[in-house]
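Everything on this sheet refers to the single structure shown next.
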Amino acid sequence: MTSNSVERYNPRVEEPRWQKAWDEGATFVTRNDDPRQPYYVLEMFPYPSGRIHMGHVRNYSMGDVLARYKRARGFKVLHPMGWDAFGLPAENAAIQNKVHPKGWTYDNIATMRRQLKSIGLGLDWSREFATCDVAYYSKQQSLFIDFFNAGLVTRKTSKVNWDPVDMTVLANEQVIDGRGWRSGAFVEQRELTQWFLKVSDYAEDLLEALDTLDQWPEKVRTMQRNWIGKSEGLRLFFELVGSDKTNMTSIEVFTTRPDTIFGASFVALSADHPLIKELAANDPGMAEFVGEVRKIGTATEAIDKAEKIGRFTGLHVNHPVKPGETLPVYAANFVLMDYGTGAIFGCPAHDQRDLDFARKYDLPVHPVVLPEGEDPAGFAVGDTAYTGPGRLFHSEFLDGLEIEAAKKAIAAHFGSRNIDNHPQGMVEVNYRLRDWGISRQRYWGCPIPMIHCEVCGTLPVPKKDLPVRLPDDVSFDKPGNPLDHHPTFKHVNCPQCGGPARRETDTMDTFVDSSWYYARFTDPHAETPTVPEVANAWLPVDQYIGGVEHAILHLLYSRFFARAMHKTGHLAVDEPFKGLFTQGMVVHETYQLGNGQNGQWVSPSEIRIEAVDGERRAVMLGTGEPVTIGSIEKMSKSKKNVVDPDEIVRTYGADTARWFVLSDSPPERDVQWTEAGIEGASRFLQRVWRLVVDASDLLKSPRGVPDAADADSLAIRKAAHKTVANVGVDIEGLRFNRAVAQIYELANAIAKFTQAVTDAPTPGRLGALAEAIERLVQLIAPMMPHLAETCWAALGKDGLVIDAPWPAVDETLLIESTVTVPVQVNGKLKANVTLPIGAARELVEKEVLSLEPIARMLDGKAPKKLVIVPDRIVNVVI
RNA sequence: GCGGGCGUGAUGGAAUGGUAGACAUACCGGACUUAAAAUCCGGAGGGUGUAUACCCAUGCGGGUUCGAGUCCCGCCGCCCGCACCA
């Protein structure tokens, strides 16, 4: 063959050339008035942290493959890109490196835009925006005011992490082992009045509509369901035994297990419960306890992991179903004020947390649910609470009932008893989902457009006065929110009375920015947040792709936002994302110089891997010092196990990087970046190029119609058409690794066929070769678009491959007349038999039983059973 | 702690309940080469060993089924999220 003399494909020349051609032809600019059917592909937009990482390359390559494929299928495709540009890291950089968040952010965007362009993504850059652009956040302020006027905004108190030394609010991320990240001081909880979006108004709708999202991963829907956390229970009043410590007469608890009321042994209140606050005012011991609980911070994980502690209040309540008995009332750190009523009754036998608490404070444990088959006299609970099914016992009128029946009976019982002129118990549906606190005491975010007037109250900024611009002249020298100590920002006149008023200095959570950007992309330069008829034509997003780490918050908030924008007339859809795909991370081995905690992380570019006696070892490039190969982890700067996309593009080209991140691993799973893997991808790229060069040499001879009688020609045609069909299905299903494997197989088949054609080049064979090689080029085009363009040109095709329609499949080539079916005996493979497609049962039976190994095993006897799955498998049971 | 997921050769992985290991990487052998790289051809889950024969094998232990990597139950290990990171 001529391949040895073929010049290697040079991505450094070819890639910029085609990127320029696409740019000049405005290939990826999408017009809203294009009459073709719309298809909207969106990848989660990046935070401009500084540089693109391999996770971005993977995410955007996936979206790009789908976008280019859909484009070839004749859709008008919307595939935009922007920047989730507000947030904490910019402020951290400002504090640490004395740079302005704005300059830092826009510099990063410039770098990352250049990087993304070098990957050759088919993006409509004319629609680009950053959420920190005034043009974007001013529309967000307008949306906020609409939400406010529609009753979707509220103001209430909530807790924040407070650094007592830096005198500033900390994010959970900035709290490390209970201490502030910069000061090292123990963090405390503080209550602030903050702005909330009323997500909980939509709890039921957000839950129910999950059933309609059939193109979402089941796991994401399950996680959202659990997050919303609908539970039906009983709101129950416990009468306080008279005391001079409080004027309250009852405690209201919420429980999902009212059936276990006869097993109650205490009542516990959150440290934030009004009654505990009241007691703490006069009881230094209780005040100290409340302070202790507040030291845990606000992260749920930390609260849950903390040891369960409590303090007796000195109060008792009457047992609601055991006249004459009372229960002690405790303050406890594991009861949350945010859920239910901030008070529970404890039934230690049937709840693990209650049991832990009871054992610690020596409270009684009364089992009241008896598991099937247990002896009522002998059943006891040790260190593990019994939460399974069973029948009630030791419960008077509930005895013998199953749990659900007991819940109904006890609800009816309390519903008919009165206390303080209301029923003692009421059935109630509760959600774990809380309203969304969006206030942040930070500079680099979208200012909340509200004004506080002592006379007129809190009012929205009139829309004519929008935007509320972030001032540029801020200082990060003082702790706290720079907007708060800016000389002029907060001083404003009341829009109603004109008197002096105070501008809100909190900014919005950056999740607000990312909750509607998908809608903004449909008409990114509009004067209003959306142009509804344009947005409605594009939305919902057909395929949304991003990390599973966003499975709950970002996706739930976006779903809420679509509903809120619907209510306020900006959209006509409730669900923003019709299809969702959550891709895995890019992971890499870690390397350390020295051992254990003193080990110093080193990057893959600083080391060399050697194989000694079949064992992989790593050494430092310069010194040859041995390096420990550590675990495979998510690429992170701190562990230095990062591979810079720029370097990969420079060395191998964008197509190789794209091909590698799409091959091997299923897209929803993590992919391990390896040197060998990228080398393999690079070799395949050169192999395709050689195949094309060889084919184009052969195709200089006149070609004809493929000859159906030539077995090789027929085989390659079948392979080509089958691969086109399968790759299409795989791309639609985002199974890129399978698409890649199919393409490898076709390339292998073409290589073999090329040899056959070289040996005997008939016009018919040349026709078959031309068909196969052109299809191969079109199949790789979505994944390796630059190489595909070069190949397309080398094959003498007119125009760009990006503009060529997806190749048609000749269905008649996919139909086989016979099929080879495995034959099992008792489920184990023993033979194969080739049968006509759709063979009659009688024929299958006759053929199978006459097979030598089968006949031998049957030894003249008839099989017990013969399982025949037509055209799939035969199982002989003997 | 709560919630979700994953576990298959040396490695990444493939497999609508129907031939486990497609495809690739690494490896071994051969061709080409002064040599190496590249390229091309071939081999290969483990075991028994005349083998076209048999046994074992999808984290571990049970179950359902003619048939289980796949479904169910119970363990073990690893990963992700937990509301102010994005």
Side-chain angles (χ1 to χ4, degrees), chain A residues 1 3-4 8 44 46-47 49 84 86-89 158 160-161 169-175 194 199 217 219-220 222-223 225-227 229 298-306 308 334 338 352-353 356 432-442 509-511 514 547-554 556-557 584-585 587 611 614 616 631 633-634 663-666 668-672 674 676-677 679-681 683-684 686-687 690 737-738 740-745 748 751 755 820-824 826-832 852-853 863-867 869 872-877:
Chain A
M1 259 188 275
S3 347
N4 291 337
R8 286 170 65 82
M44 292 180 185
Y47 177 77
S49 55
D84 190 12
F86 275 134
L88 199 54
S158 79
V160 294
N161 300 304
V169 176
L170 300 177
N172 282 336
E173 189 191 54
Q174 296 172 314
V175 179
Q194 313 223 52
V199 179
K219 67 170 175 179
V220 174
T222 304
M223 285 162 91
R225 241 176 238 122
N226 291 335
W227 188 258
T298 62
T300 317
E301 185 194 358
I303 293 168
D304 284 348
K305 272 191 182 165
K308 284 158 197 61
F334 66 93
D338 291 324
Q352 192 59 45
R353 287 179 307 181
D356 294 344
R432 209 179 67 97
L433 181 67
R434 312 200 294 251
D435 284 331
W436 175 15
I438 60 157
S439 290
R440 298 292 181 270
Q441 296 68 43
R442 304 189 199 292
D509 178 5
T510 57
F511 270 120
S514 56
V548 72
E549 67 272 20
H550 292 292
I552 297 174
L553 293 180
H554 163 60
L556 197 62
Y557 292 152
M585 296 179 301
V587 296
R616 290 176 73 245
S631 59
E633 297 187 41
K634 177 179 181 174
S663 55
D664 285 359
S665 282
E668 68 277 12
R669 250 194 261 177
D670 292 350
V671 62
Q672 190 188 342
T674 60
E679 291 278 354
R683 275 201 297 274
F684 180 67
Q686 296 296 345
R687 182 168 147 88
R690 278 195 311 276
N737 56 320
R738 293 214 322 206
V740 164
Q742 306 260 9
I743 291 171
Y744 274 123
E745 286 187 71
N748 290 342
Q755 190 59 58
T820 300
V821 171
V823 180
Q824 300 177 326
N826 292 343
K828 292 201 174 183
L829 178 71
K830 293 294 167 187
N832 287 295
E852 192 276 326
K864 261 192 209 148
K865 189 172 176 184
L866 196 62
V867 181
V869 184
R872 291 303 294 256
I873 201 163
V874 177
N875 191 9
V876 185
V877 185

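Computed over heavy atoms, backbone and side chain alike; hydrogens, waters and symmetry mates excluded. Each chain gets a letter, A, B and so on, in the order the sequences are listed, and its residues count up from 1.
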Quote, to the nearest angstrom, the P distance that separates C40(B) from A24(B).
11 Å
Rounded to whole Å, the CG-C1' distance (Asn737(A) to U8(B)) equals 15 Å
Nucleotide opposite G7(B) in a Watson-Crick or G-U pair, distances under 3.5 Å:
C76(B)
Paired to A37(B) by Watson-Crick or G-U wobble criteria (both distances under 3.5 Å) is none
Using the C1' atom as the reference point in each nucleotide, state the distance between G47(B) and G30(B) in Å, no decimals.
28 Å
For the side chain of Asp664(A) and the base of G12(B), is some donor closer than 3.5 Å to an acceptor across the two?
yes
Integer angstrom distance from the P of U70(B) to that of U19(B)
14 Å
Once you apply the 3.5 Å cut-off to both distances, tell me the Watson-Crick or G-U wobble partner of U50(B), or none.
none
C1'-based separation of A68(B) from A20(B) [nearest Å]
11 Å
Base, sugar-phosphate, or nothing: which does Ser663(A) touch, judged by heavy atoms less than 4.0 Å apart?
nothing
Can you check the Arg738(A) CZ to G13(B) P distance for me, whole Å?
15 Å
Glycosidic conformation of G46(B), syn or anti, with 90° from 0 as the boundary?
anti
Residue from Val874(A), Asn875(A), Asn832(A) passing side-chain contact (heavy atoms from CB on, under 4.5 Å) with Pro822(A)
Asn832(A)
Between G69(B) and G17(B), how far is it from one C1' atom to the other, in whole Å?
11 Å
Contact class for Asp338(A) vs. all strands (heavy atom < 4.0 Å): base, sugar-phosphate, or nothing?
nothing
Should Lys830(A) and Val876(A) be marked as a side-chain contact (heavy atoms from CB on, under 4.5 Å) after you check the CA-CA gap, both sets of side-chain angles, and the distance that decides it?
CA-CA 10 Å; Lys830(A) 293 294 167 187; Val876(A) 185; over 6 Å; no
Here the distance between atom C1' of G42(B) and atom CG of Asn748(A), to the nearest Å, is 14 Å
What is the nucleic acid contact for Ala551(A), judged by heavy atoms within less than 4.0 Å: base, sugar-phosphate only, or nothing?
nothing
Which heavy atom in Arg432(A) sits nearest to a heavy atom in Trp227(A), and how many Å separate them?
NH2-CE3, 2.9 Å
Donor-acceptor pair (no angle test) under 3.5 Å: Arg683(A) side chain, U25(B) base:
no
Atom-to-atom span, CG of Leu829(A) to P of C56(B) - whole angstrom:
15 Å
What's the CZ-C1' distance between Arg669(A) and A15(B), to the nearest Å?
12 Å
Should Lys865(A) be listed as having a side-chain N or O under 4.0 Å from OP1 or OP2 of C66(B)?
yes
Point-to-point distance, once rounded to the nearest 0.5 Å, from OG1 of Thr510(A) to CZ of Arg440(A):
7.5 Å
If only side-chain N and O atoms of Thr222(A) are considered, is one of them under 4.0 Å from the OP1 or OP2 phosphate oxygen of G4(B)?
no
Inter-nucleotide C1' distance (G12(B), U58(B)), Å rounded
16 Å
Does any nucleotide pair with U64(B) by Watson-Crick or G-U wobble geometry, both distances under 3.5 Å, and what is it?
none
CD of Gln686(A) versus P of U39(B): gap in Å, rounded?
9 Å
Classify Pro853(A) by what it touches in the nucleic acid, base, sugar-phosphate, or nothing, heavy-atom distance under 4.0 Å.
nothing
Side chain of Lys830(A) only, heavy atoms from C-beta on: which candidate in G5(B), G18(B), C55(B) is closest?
C55(B)
Considering only atom C1', compute the distance from A38(B) to A31(B) and round it to an integer number of Å.
14 Å
Nearest heavy atom decides the nucleotide; on that basis, is Val869(A) or Gly677(A) closer to the 5' end of RNA chain B?
Val869(A)
Suppose we define a pair by two distances each less than 3.5 Å, Watson-Crick or G-U wobble; what does C2(B) pair with here?
G81(B)
In Å and rounded to the nearest 0.5 Å, what is the CD to CG distance from Glu173(A) to Leu88(A)?
6.5 Å
Ring-plane angle category for Phe511(A) and His554(A), please: parallel below 30°, perpendicular beyond 60°, tilted otherwise.
parallel
Measure the distance from CZ on Arg225(A) to P on G5(B) and round it to the nearest whole Å.
11 Å
RNA chain B: 5'-proximal contact among Gln742(A) and Val874(A) (nearest heavy atom):
Val874(A)
Close side-chain approach of Trp436(A) to Asp509(A), heavy-atom, < 4.5 Å
yes
What one-letter contact string describes nucleotides 79-86 of chain B from 5' to 3', where B marks a base within less than 4.0 Å of any protein heavy atom, S marks contact via sugar-phosphate atoms alone, and - marks no contact?
--SBBBBB
Distance check, P atoms only: A15(B) and C71(B), in whole angstrom units.
14 Å
Can you confirm whether Phe334(A) sits close enough to Asp356(A) that some side-chain heavy atom of one is under 4.5 Å from a side-chain heavy atom of the other?
no
Between the side chain of Asn172(A) and the main-chain N/O of Thr298(A), is any donor-acceptor distance below 3.5 Å?
no
Which is true for Lys828(A) with a 4.0 Å heavy-atom rule: it touches a base, it touches only sugar-phosphate, or it touches nothing?
sugar-phosphate
Just how far, in rounded Å, is C1' of A20(B) from CZ of Arg872(A)?
14 Å
Decide yes or no for Ser663(A) and Asn737(A): does some side-chain heavy atom of the first lie under 4.5 Å from some side-chain heavy atom of the second?
no
